[in-house]
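First up is the structure itself, then whatever we jot down about it.
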Amino acid sequence: MTNSLKKYYTYLLECSDGTLYCGYSPELQKRLKVHNSGKGAKYTKARLPVTLVYSEEFDSKSEAMRREWEIKKMSRSEKLNLFKKQVD
């Protein structure tokens with residue numbers, strides 16, 4: 001697969017304690033499995049299981065990382081609104 005066809009994802013997970021975790025990955029479903037296996041991130045490891053509640057697709061890693069940074073700066077209510085809008 002050429003790099004131009006590769007997609008990157010920024011995602012939000014809801015942890016078992018109700019907290020939210022934001023990250024990015026080129027392989028979203030694989031990354032979700034890694035998180036739920038306890039090997040994804042130190043933060044999610046102690047809050048399993050996690051559920052994917054929101055994602056966005058990008059053509060480049062830098063775009064996905066930029067969006068991750070933007071989301072991480074948001075308040076909790078702004079993050080909740082992201083995936084509530086996706087459901088509506």
Side-chain angles (χ1 to χ4, degrees):
M1 177 172 14
T2 63
N3 196 29
S4 63
L5 298 177
K6 192 169 191 172
K7 298 293 182 183
Y8 293 85
Y9 302 88
T10 301
Y11 60 89
L12 268 176
L13 302 177
E14 184 171 25
C15 301
S16 63
D17 64 357
T19 59
L20 299 172
Y21 175 86
C22 185
Y24 78 92
S25 176
E27 297 181 42
L28 188 55
Q29 293 305 316
K30 183 177 179 182
R31 186 67 177 148
L32 181 59
K33 288 179 184 177
V34 171
H35 276 293
N36 274 318
S37 75
K39 298 176 183 170
K42 187 176 181 181
Y43 186 84
T44 58
K45 185 177 183 177
R47 295 166 172 84
L48 297 176
V50 297
T51 304
L52 178 66
V53 292
Y54 181 78
S55 66
E56 295 178 26
E57 183 179 283
F58 299 94
D59 292 327
S60 72
K61 181 179 177 179
S62 62
E63 289 175 301
M65 290 175 70
R66 186 175 318 118
R67 184 62 173 149
E68 176 192 21
W69 181 75
E70 290 171 359
I71 292 172
K72 285 184 174 185
K73 291 191 325 180
M74 291 179 179
S75 68
R76 177 176 172 81
S77 62
E78 289 172 319
K79 292 174 188 174
L80 292 172
N81 283 334
L82 281 177
F83 63 88
K84 286 181 181 174
K85 287 179 188 174
Q86 196 173 38
V87 172
D88 292 341

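The residues of the chain are indexed from 1 along the displayed sequence. If you're wondering where the values come from, they're calculated on a predicted model, not measured in any experiment.
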Practice prompt. May I ask you to test the D59-K7 pair for a side-chain heavy-atom distance under 4.5 Å?
Written response: yes

Practice prompt. Nearest 0.5 Å please: distance from the OG atom of S16 over to the CG atom of N36.
Written response: 9.5 Å

Worksheet item: Out of curiosity, L80 CG to E14 CD, how far, rounded to the nearest 0.5 Å?
Response: 7.5 Å

Item to complete: Please say whether more than 12 non-hydrogen atoms of neighbouring residues, nucleotides or ligands are located less than 6.0 Å from NZ in K61.
Response: no

Discussion item. Taking F83 as the starting point, is it possible to reach M74 by hopping between hydrophobic residues whose side chains are less than 4.5 Å apart?
Written reply: yes

Discussion item. With a 4.5 Å cut-off on side-chain heavy atoms, are Q29 and L52 touching?
Written reply: yes

Worksheet item: What pairs with F58 under ring pair (Phe, Tyr, Trp, His ring centres under 6.0 Å), at least two apart in sequence or on another chain?
Response: none

Worksheet entry | Joint cluster assignment, Y43 & Y11, ILVMFWY side-chain distance < 4.5 Å | yes

Worksheet entry | Distance, nearest 0.5 Å, that separates NZ of K72 from CG of L20 | 12.0 Å

Worksheet item: How about V34 and L32: do any of their side-chain heavy atoms sit closer than 4.5 Å?
Response: no

Discussion item. Can you give me the closest heavy-atom contact between G40 and R31, atom names plus distance?
Written reply: O-NH2, 2.8 Å

Discussion item. Working to the nearest 0.5 angstrom, can you tell me the gap between C22 SG and K79 NZ?
Written reply: 7.0 Å

Worksheet entry | Min side-chain heavy-atom separation R47-L13 under 4.5 Å | no

Practice prompt. Could you tell me the separation between the NZ atom of K33 and the NZ atom of K39, rounded to the nearest 0.5 Å?
Written response: 14.0 Å

Discussion item. In this structure, would L48 and L28 fall into the same cluster of hydrophobic residues linked by side-chain contacts under 4.5 Å?
Written reply: yes

Fill in: Residues that A41 engages under side-chain contact (heavy atoms from CB on, under 4.5 Å), provided they are two or more places apart
Y21, H35, T44

Worksheet item: How far does CG of L82 sit from CD of E56, to the nearest 0.5 angstrom?
Response: 6.5 Å

Fill in: Considering all heavy atoms, the nearest Y8-S60 contact
CD1-C, 3.4 Å

Fill in: pair E68-I71: side-chain heavy atoms closer than 4.5 Å
no

Worksheet item: Could E70 and R67 be called an ion pair, given the rule that one side-chain N must be under 4.0 Å from one carboxylate O?
Response: yes

